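Here the structure is a predicted model, which means the values were calculated and not measured. Index from 1, following the sequence. Only heavy atoms go into these numbers, but all of them, side chains included; no hydrogens, no water, no symmetry mates.
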Amino acid sequence: MSRFSALCRALVLPFAALAALASAPVARAAPAGAQEPPPGFVALADVDPTIVQEMRYVTPHNFTGHRIDGYERPKCLLTRPAAEALRRAQRVLLRQGLSLKVYDCYRPQRAVNDFVAWAKDLGDERMKAEFYPRVAKSRLFEDGYIAAKSGHSRGSTMDLTIVRRPAWPTRPYVPGEPLVPCFAPRWQRFPDNSVDMGTGFDCFDTLAHTLDPRVEGRQRANRLRLKSVMEGAGFVNLPEEWWHYTLRGEPYPDTYFDFPVR
C-alpha cells in the first residue's frame, strides 16, 4: 500500500465513525430554566374532561412521603397526540360504564431528580410499609424501580387505571396514618376508587408486573381490560407496571423536559 493510500484510509475511518455518531439518536434535555410547556403540550382536561384525575405526586401519598418537586398543580399535561389517544381509549370504556383515571402524566426532570435524591437517602423509609415492604431501599436502583431518566418526562407516558362511573373521590391520605402493604387484599389497602388490579399504584413489587401469573380472576381480567383498551388506542405497556403506558410513535422520543406542572 502506498503512503497516499494509507493516508486516505486513515482519514476515511474517522469520518465514517463520525457519520455513524451523527445518525444515532441523542437523548436531549429541554433548555435549562424553561418554565412553560413547548408547543404541542396540552392539559388532558381540555381534550377530555371525562377522564378522572388523581395526581398523586402533588400530594404526600406516594413512595417518598412528600410532595414531589415540579408538581405545582394537580394537573395532567401530555403531548396532544397522547391526550387524543387517551380520549379514544376513554370512549371505549364509557360505553361500558367505566372511565380511565390518571395518577401521573408528564413528569418534569426535576421530579425525577427528586426521586433519585430520595432513593439515595437510605434513612428515609417512612412509606416503606405501603409501597416497597419486600424490597430493600438500597436495591431500588438495581431492581429498576428508580432511574435517572423517565419516559414520563417526554410527555407521552402516563400512569393510569380504570374506575366505575360515577367515581366517588378517593379520600385524602393523612400523613402518619397506619400503612398497609400495596399488595394486601383490596379491602385492607389504602382505599382507591379504582377497580381491583391486584396491587395499588406504584407498588414496588413483582406482583405489579402486568402479567404476573399469581394475579388471577377478576384482578387479572381488569389488567387485561386496561391493556386491551390502551393498546387499541395506540399505547404500549411497561410489563413491570400494570399502570404504565407510552404512546407508540411519541412526538418527543429523545427529549426530557423540565418545565413544572402548573
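- In this structure Arg223 satisfies the salt bridge (Lys or Arg N to Asp or Glu O under 4.0 Å) test with no other residue, sequence neighbours excluded.
- Taking all atoms of both residues into account, the shortest heavy-atom contact from Pro239 to Asn237 is CD-O, 3.4 Å.
- Annotation for Arg164: atom CZ does not count as buried by contact number, only 12 or fewer foreign heavy atoms lying within 6.0 Å.
- Rounding to the nearest 0.5 Å gives a distance of 6.5 Å between OG1 of Thr161 and CG of Asp192.
- For the residue pair Gln96 / Arg225, a side-chain donor-acceptor distance below 3.5 Å is found, with atom types taken as modelled.
- Residues Trp243 and Asp104 have side chains not in contact (no heavy-atom distance under 4.5 Å, counting atoms from C-beta outward).
- Between Phe204 and Tyr145, the two ring planes are parallel [angle under 30°; tilted spans 30° to 60°].
- Residues Glu231 and Lys227 are paired through a salt bridge, judged by an N-O separation under 4.0 Å between the basic side chain and the carboxylate.
- Residue pairs meeting the salt bridge (Lys or Arg N to Asp or Glu O under 4.0 Å) criterion with at least one member in residues 193-211, sequence neighbours excluded, are Arg134-Asp205, Arg189-Asp196.
- The aromatic rings of Tyr57 and Phe63 sit perpendicular to each other, their planes meeting at more than 60°, with 30° as the lower class boundary.
- Residues Asp114 and Arg107 are not paired through a salt bridge, judged by the lack of any N-O separation under 4.0 Å between the basic side chain and the carboxylate.
- Applying the salt bridge (Lys or Arg N to Asp or Glu O under 4.0 Å) definition to pairs two or more places apart or across chains, those involving residues 234-251 are Arg154-Glu250.
- Every residue two or more places apart in sequence or in another chain that forms a side-chain contact (heavy atoms from CB on, under 4.5 Å) with Arg87 is listed here: Val47, Asp48, Glu84, Arg91.
- Cluster partners of Trp187 are absent, since no Ile, Leu, Val, Met, Phe, Trp or Tyr has side-chain heavy atoms less than 4.5 Å from it.
- Taking 4.0 Å as the cut-off between side-chain N and carboxylate O, Asp258 and Arg110 count as a salt-bridged pair.
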Identify each donor-acceptor pair in which a side-chain atom of residues 168-184 lies under 3.5 Å from a protein atom, sequence neighbours left out, and give them as a table.
unit_1 : atom_1 : unit_2 : atom_2 : d
Thr170 : OG1    : Glu54  : OE1    : 2.9
Thr170 : OG1    : Asn193 : N      : 3.4
Arg171 : NH1    : Glu177 : OE1    : 3.3
Arg171 : NH2    : Glu177 : OE2    : 2.8
Glu177 : OE1    : Val174 : N      : 2.7

